[in-house]
Amino acid sequence: MSFKYKMQESARSKHSPLVLALDFPFEPADNRNNILIKAQKILQAVHPYISAVKINHHLTLPLGTFDGISNLVEQIRGQGLLAIMDAKINDIGASNQIIAEYYFAAGFDAIIANPFVGWEEGMKPLFDVAKRLNRGVILLTYMSHKGATEGYGQTIIDPITGEQMPQYISFAKKALQWGADGVVVGATRPEKIAEVKLILRNKAAIYSPGVGVQGGGAETAIHAGANYLIVGREITTASKPAEVAQRILFSIKE
Ligand code: BMP
């Protein structure tokens with residue numbers, strides 16, 4: 001089963017389109033042991049309300065990919081959830097492939113990458129290794145922060161067709177052409193979610209970060225066409241994380 005279908009299954013069985021971004025603030029050296037304990041505690045509390053967990057450098061840097069992280073990924077998968085590595089891979093193909101191989105060896109089900117590097121000698125080796133190992137690739141298409149307009153929102157001229165179009169439309173089309181499992185479009189930009197949805201026609205899923213702290217609304221993003229909501233600090237910094245996750249779920253089910 002492809003990652004795209006595994007996510008659909010997970011969301012269906014957990015009755016939740018929520019992807020928990022397991023992010024925590026910087027900790028000085030003498031306090032880093034607490035990060036793993038905090039992550040495990042949040043997971044324990046929130047796992048009934050989510051379908052997947054997204055891990056960022058916030059955790060791989062302090063915990064180490066083959067020490068803390070692979071154990072955490074095992075715990076995540078043991079709870080019936082999928083694990084996504086938010087590496088935003090963005091290098092030459094030979095490097096992209098090795099980065100992905102390490103993360104997949106650590107147990108991740110999918111990886112996030114940046115389509116800006118292009119296909120030949122860029123994304124292709126990453127897609128090849130993901131296909132060989134039956135893992136997923138999710139491509140950035142329009143990020144959630146304000147400055148994203150400068151890159152994802154710029155107008156480009158396609159070097160092959162000569163056609164003029166917004167960068168994010170080109171990325172959405174490439175996501176389809178390359179067979180990506182999903183794309184990332186910020187929940188802060190519901191109108192872009194709707195536009196990208198028209199291009200993807202459910203052949204690739206839309207993951208929307210930026211709910212809560214960044215100002216995006218859960219219901220608005222789902223209504224615009226997001227398949228999954230990525231939520232971090234709103235849950236991870238809450239005094240009662242499970243209650244916040246339940247509240248977000250309730251708001252979109254309403
Ligand atoms: P939060 O809900 O705390 O804002 O976290 C969102 C998470 O999604 C962070 O890990 C961030 O790096 C990531 N993210 C994002 O916020 N916007 C994007 O466009 C792409 C991301 O990966």
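FYI, the numbering just counts along the sequence from 1. Owing to the predicted nature of the structure, the values given are computational and were not obtained by experimental measurement.
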For this session: Sorted by first residue and then second, give each ring pair (Phe, Tyr, Trp, His ring centres under 6.0 Å) pair with at least one member in residues 219-254; sequence neighbours left out.
Result: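 Listed once each, the pairs are Y207-Y228.
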
Problem set entry | Within residues 30-54 or reaching into it, pairs that qualify as ring pair (Phe, Tyr, Trp, His ring centres under 6.0 Å) - sequence neighbours excluded | none

Are any non-hydrogen side-chain atoms of [X] and [Y] less than 4.5 angstrom apart?
X	Y	answer
N134	M1	no
Y103	T65	yes
V184	P209	yes
F24	P62	no

Between [atom1] on residue [X] and [atom2] on residue [Y], distance to nearest 0.5 Å:
X	Y	atom1	atom2	answer
K88	L140	NZ	CG	6.0 Å
I55	I112	CD1	CD1	11.5 Å
I206	T141	CD1	OG1	8.5 Å
L176	F171	CG	CZ	14.5 Å
Q164	D158	CD	CG	11.5 Å
T60	L72	OG1	CG	11.0 Å

Could you pull out the closest heavy-atom pair between [X] and [Y], with the gap in Å?
X	Y	result
I157	G162	CG2-O, 3.6 Å
A100	I111	CA-CD1, 4.0 Å
T188	G216	CG2-N, 3.9 Å
R201	L198	CG-O, 3.3 Å
F108	F104	O-CD2, 3.5 Å
V244	A238	CG2-CB, 3.5 Å

Output yes when a side-chain donor or acceptor of [X] lies under 3.5 Å from a complementary backbone atom of [Y], and no otherwise.
X	Y	result
K4	K203	yes
S251	I248	yes
N96	G122	yes
S208	A226	no
N71	D67	yes
T149	K146	yes
R189	H145	yes
S51	L18	yes
S10	L81	no
N114	I89	no

Exercise. Between E195 and Y142, do the side chains contain an N or O donor and an N or O acceptor separated by less than 3.5 Å?
Worked result: no

Is there a path of hydrophobic side-chain contacts, each under 4.5 Å between heavy atoms of I/L/V/M/F/W/Y residues, joining [Y] to [X]?
X	Y	answer
I99	M123	yes
I235	L59	yes
I69	V53	yes
F3	V137	no
M143	V211	no

For the pair [X] and [Y], find out whether any cationic side-chain nitrogen is under 4.0 Å from an anionic carboxylate oxygen.
X	Y	answer
D128	R132	no
K54	D86	yes
D181	R135	no

For this session: Under the side-chain contact (heavy atoms from CB on, under 4.5 Å) rule, what do K174 and W119 come out as? Steps first, then yes or no, please.
Result: CA-CA 9 Å; K174 283 178 185 183; W119 182 243; over 6 Å; no

For this session: Take L20 and I42, measure what side-chain contact (heavy atoms from CB on, under 4.5 Å) needs, and give me the verdict at the end.
Result: CA-CA 10 Å; L20 174 68; I42 298 261; 4.0 Å; yes

For this session: Apply side-chain contact (heavy atoms from CB on, under 4.5 Å) to the pair L43 and I76, showing each step before the final yes or no.
Result: CA-CA 8 Å; L43 264 179; I76 290 165; 3.6 Å; yes

For this session: Sequence neighbours left out, what pairs pass side-chain hydrogen bond (donor to acceptor under 3.5 Å, both in side chains) with at least one residue falling in residues 12-30?
Result: E9-R12, E27-N31, E27-K38

For this session: Determine, stepwise, if the pair Q97 / L126 fulfils side-chain contact (heavy atoms from CB on, under 4.5 Å).
Result: CA-CA 5 Å; Q97 177 182 329; L126 165 64; 6.0 Å; no

For this session: Give a yes or no on whether E191 atom CD has more than 12 heavy-atom contacts from other residues, nucleotides or ligands under 6.0 Å away.
Result: yes

Exercise. Is the CZ atom of F66 crowded by more than 12 outside heavy atoms at less than 6.0 Å?
Worked result: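 Yes, CZ of F66 has more than 12 neighbouring heavy atoms, counting only those of other groups under 6.0 Å.
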
Exercise. Considering residues at least two apart in sequence or located in another chain, which fulfil the side chain to side chain donor-acceptor pair (under 3.5 Å) criterion with N202?
Worked result: K197

For this session: Name all residues meeting the side-chain contact (heavy atoms from CB on, under 4.5 Å) criterion together with I156; count only those two or more places apart in sequence or in a different chain, and write none if there are none.
Result: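 Residues passing side-chain contact (heavy atoms from CB on, under 4.5 Å) with I156: Q154, M165, Q167, S170.
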
Problem set entry | Under the side-chain contact (heavy atoms from CB on, under 4.5 Å) test, residues paired with A204 that sit two or more places apart | L200

Problem set entry | Option passing side chain to side chain contact (heavy atoms under 4.5 Å, CB included) with L229 (candidates L249, V19, I252) |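 Exactly one pass, corresponding to I252.
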
